[in-house]
Amino acid sequence: MEKLDIQSIAESSLSFHNNDHIAVFCDFDEVRGMDISDVLIEGFLFAVVTRGQAQFSVEEKTYKLRTGDVITCKPRNIFEQSMMSMDFNALVLFLSPEYVTQLAQMVRMEWTHSMFSTSYQILHADETAVQRYRLYFDLLRNHLSCPDTPHKELSLRLLFASMAYDLRDLHAFRDEEVMHQTYSSSENILRRFMQHLHNPALPYLNVNEYAALLCITPKYFSTVCKRLTGKTANQLISEEIVRSAQIALRDSSKNVKQIAAMLGFRNQSHFGRFFRHQTGVSPQQYRESKE
């Protein structure tokens with residue numbers, strides 16, 4: 001399984017425009033005809049289809065893309081069985097998790113709600129919006145290609161802020177007030193929780209432990225998660241643990257016992273019960289189904 005992260009991008013022979021946290025790719029002629037295996041996305045992915053059609057699968061669901069489709073994807077997703085038409089092209093932006101955290105803190109964008117509330121999302125933009133995204137990408141490539149200046153980083157962050165608000169205009173929110181306000185206290189809670197949950201260097205915690213970390217009660221913590229994402233705190237935690245487990249199980253270098261320990265389970269049996277309850281199959285059955 002291929003991995004898409006900043007390190008693999010830096011080592012790639014493809015024509016990425018990139019720095020330590022940002023990468024832009026705009027020429028699918030370079031990959032046409034290549035044998036692309038399953039790809040693990042280890043960052044935030046934003047893509048706009050500018051020409052042609054494509055198809056890919058995520059979590060055993062197949063999606064078809066057409067011109068004008070906009071894809072957003074958070075870390076730890078696997079794109080499978082990708083195919084594209086001979087004329088396919090797209091604008092692709094990759095951001096490291098650390099950089100998205102900085103963006104949310106520095107320019108007060110509401111990345112958290114729109115980027116973290118779903119694992120991946122496909123929206124559709126009209127021709128005017130697609131043209132605007134083309135201009136954004138032209139500016140991004142120009143910024144990344146130019147020498148560093150005192151205000152280069154600030155310019156990039158403000159450019160991302162503008163892109164984020166355009167992206168939010170594509171989202172349909174049930175609560176219109178959320179769309180226009182800056183961070184409320186509950187959104188700050190969700191942002192801090194999600195940043196911890198998606199940091200691969202930090203261990204998974206339970207609801208009570210996350211609540212203590214955020215200095216709130218477990219009941220209020222779950223209320224915030226449910227209101228802003230439609231899922232309880234425990235559901236969000238369990239989904240991320242399952243996602244990490246599925247990725248690890250597809251790597252034959254670790255056995256099930258090692259994966260259980262890596263994810264913080266008391267023993268292999270505890271992990272097996274949890275995984276079967278969440279997915280309907282045992283860890284070994286899942287591994288065998290992906291071989």
Side-chain angles (χ1 to χ4, degrees), residues 1-9 11 37-45 57-61 73-80 94 96-101 112 115-120 189-216 218 221-222 225 229 231-291:
M1 180 167 55
E2 301 290 333
K3 180 186 293 186
L4 183 66
D5 58 13
I6 287 296
Q7 182 178 347
S8 66
I9 287 171
E11 296 171 352
S37 61
D38 299 346
V39 179
L40 169 61
I41 308 299
E42 288 282 33
F44 286 88
L45 189 72
S57 297
V58 179
E59 297 178 357
E60 300 183 350
K61 295 181 179 179
C73 173
K74 71 180 182 182
R76 313 296 284 172
N77 272 295
I78 299 174
F79 281 27
E80 304 174 302
F94 179 90
S96 73
E98 298 82 4
Y99 193 70
V100 170
T101 297
T112 301
M115 296 296 283
F116 278 117
S117 58
T118 56
S119 296
Y120 51 90
I189 288 169
L190 180 65
R191 174 173 58 86
R192 291 169 57 201
F193 164 54
M194 289 297 191
Q195 289 167 2
H196 194 291
L197 185 64
H198 288 86
N199 187 334
L202 299 176
Y204 291 116
L205 306 176
N206 61 37
V207 172
N208 290 343
E209 290 170 329
Y210 278 118
L213 184 70
L214 298 167
C215 301
I216 56 177
F221 175 41
S222 287
C225 291
T229 71
K231 299 176 182 178
T232 66
N234 191 57
Q235 286 176 314
L236 293 170
I237 296 166
S238 295
E239 285 179 0
E240 290 308 312
I241 294 174
V242 168
R243 188 189 309 280
S244 292
Q246 289 173 331
I247 292 168
L249 287 165
R250 297 174 69 154
D251 179 1
S252 59
S253 66
K254 292 184 177 66
N255 60 38
V256 175
K257 184 177 181 179
Q258 290 172 321
I259 293 170
M262 179 187 73
L263 295 174
F265 288 88
R266 293 192 303 270
N267 51 53
Q268 184 175 333
S269 296
H270 184 209
F271 169 56
R273 289 193 298 272
F274 167 84
F275 192 87
R276 182 181 287 277
H277 176 73
Q278 296 292 325
T279 67
V281 297
S282 71
Q284 188 60 38
Q285 287 171 328
Y286 179 84
R287 167 169 275 176
E288 291 171 355
S289 73
K290 297 299 179 180
E291 289 179 350

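This structure is a prediction, so every number in the text was calculated from the model and none was measured.
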S.K.: In terms of heavy-atom contacts, does CD of Glu2 have more than 12 from other residues, nucleotides or ligands at under 6.0 Å?
M.R.: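 Counting other residues, nucleotides and ligands, CD of Glu2 stays at 12 neighbours or fewer.
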
S.K.: Atom OG in Ser238, atom NZ in Lys231: separation rounded to 0.5 Å?
M.R.: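 Here the interatomic distance stands at 11.0 Å.
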
S.K.: Let me see the working for Asn234 and Thr232 under side chain to side chain donor-acceptor pair (under 3.5 Å), right down to the final yes or no.
M.R.: CA-CA 5 Å; Asn234 191 57; Thr232 66; 5.4 Å; no

S.K.: Is there a side-chain contact between His196 and Leu205 in this structure, where contact means two heavy atoms from C-beta onward sitting under 4.5 Å apart?
M.R.: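 SC-SC contact between His196 and Leu205 confirmed.
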
S.K.: Within the structure provided, determine whether Gln235 and Thr229 are in side-chain contact (heavy-atom separation under 4.5 Å).
M.R.: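 Not in contact.
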
S.K.: Can you tell me how far the CG atom of Leu213 sits from the CG atom of Leu202, to the nearest 0.5 Å?
M.R.: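 Output value for this atom pair is 9.0 Å.
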
S.K.: Going by heavy atoms in the side chains, are Ser289 and Val281 under 4.5 Å from each other?
M.R.: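 Ser289 does not reach Val281 side chain to side chain.
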
S.K.: Who are the side-chain contact (heavy atoms from CB on, under 4.5 Å) partners of Lys257, not counting sequence neighbours?
M.R.: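 In terms of side-chain contact (heavy atoms from CB on, under 4.5 Å), with neighbours along the sequence ignored, Lys257 is linked to Asn255, Gln268.
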
S.K.: Starting at CD of Glu240, measure out to CZ of Arg243 and round the result to the nearest 0.5 Å.
M.R.: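 That separation rounds to 4.5 Å.
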
S.K.: Which distance, rounded to the nearest 0.5 Å, do you find between the CD of Glu288 and the OG of Ser282?
M.R.: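 That separation rounds to 7.0 Å.
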
S.K.: For Asp38, is there an ion pair with Lys290 - N to carboxylate O distance below 4.0 angstrom?
M.R.: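 No, this pair does not count.
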
S.K.: Going by the rule salt bridge (Lys or Arg N to Asp or Glu O under 4.0 Å), which residues pair with Glu42 if we only count those two or more places apart in sequence or in a different chain?
M.R.: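 Scan of Glu42 (salt bridge (Lys or Arg N to Asp or Glu O under 4.0 Å), adjacent residues dropped) gives Arg76.
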
S.K.: Could you tell me the separation between the CD1 atom of Ile237 and the CD atom of Glu209, rounded to the nearest 0.5 Å?
M.R.: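 Answer rounded to 0.5 Å: 9.0 Å.
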
S.K.: Within a 6.0 Å radius of atom CD on Gln7, are there more than 12 heavy atoms belonging to other residues, nucleotides or ligands?
M.R.: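 Counting neighbours around CD of Gln7, 12 or fewer heavy atoms of other residues, nucleotides or ligands fall under 6.0 Å, so no.
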
S.K.: What orientation do Phe221 and Phe193 show, parallel under 30°, tilted 30 to 60°, or perpendicular over 60°?
M.R.: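 Plane angle over 60°, so perpendicular.
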
S.K.: How about Phe44 and Pro75: do any of their side-chain heavy atoms sit closer than 4.5 Å?
M.R.: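 Yes, at least one pair of side-chain atoms sits under 4.5 Å.
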
S.K.: Quick one, Gln246 with Thr279, criterion side chain to side chain contact (heavy atoms under 4.5 Å, CB included). Give me CA distance, side-chain angles, the key distance, then yes/no.
M.R.: CA-CA 10 Å; Gln246 289 173 331; Thr279 67; 4.1 Å; yes

S.K.: Before giving the answer on side chain to side chain contact (heavy atoms under 4.5 Å, CB included), spell out for Glu239 and Val242 the whole-Å C-alpha distance, their side-chain angles and the decisive distance to 0.1 Å.
M.R.: CA-CA 5 Å; Glu239 285 179 0; Val242 168; 5.8 Å; no

S.K.: Over 60° means perpendicular and under 30° means parallel, so tell me whether His270 and Phe265 are parallel, tilted or perpendicular.
M.R.: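 Perpendicular.
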
S.K.: With a 4.5 Å heavy-atom cut-off, do Arg287 and Ile259 have their side chains touching?
M.R.: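 Yes - at least one pair of side-chain heavy atoms lies under 4.5 Å apart.
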
S.K.: Is the closest side-chain heavy-atom distance between Phe79 and Leu45 below 4.5 Å?
M.R.: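 Phe79 vs Leu45: side chains touch.
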
S.K.: Nearest 0.5 angstrom please: Ile189 CD1 to Ile216 CD1, how far?
M.R.: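 Here the rounded value is 4.0 Å.
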
S.K.: With no hydrogens and no angle check, is any side-chain donor or acceptor of Ser244 less than 3.5 Å from a backbone partner on Ile241?
M.R.: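 No; judged by distance alone, with no hydrogens or angles, the pair does not exist.
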
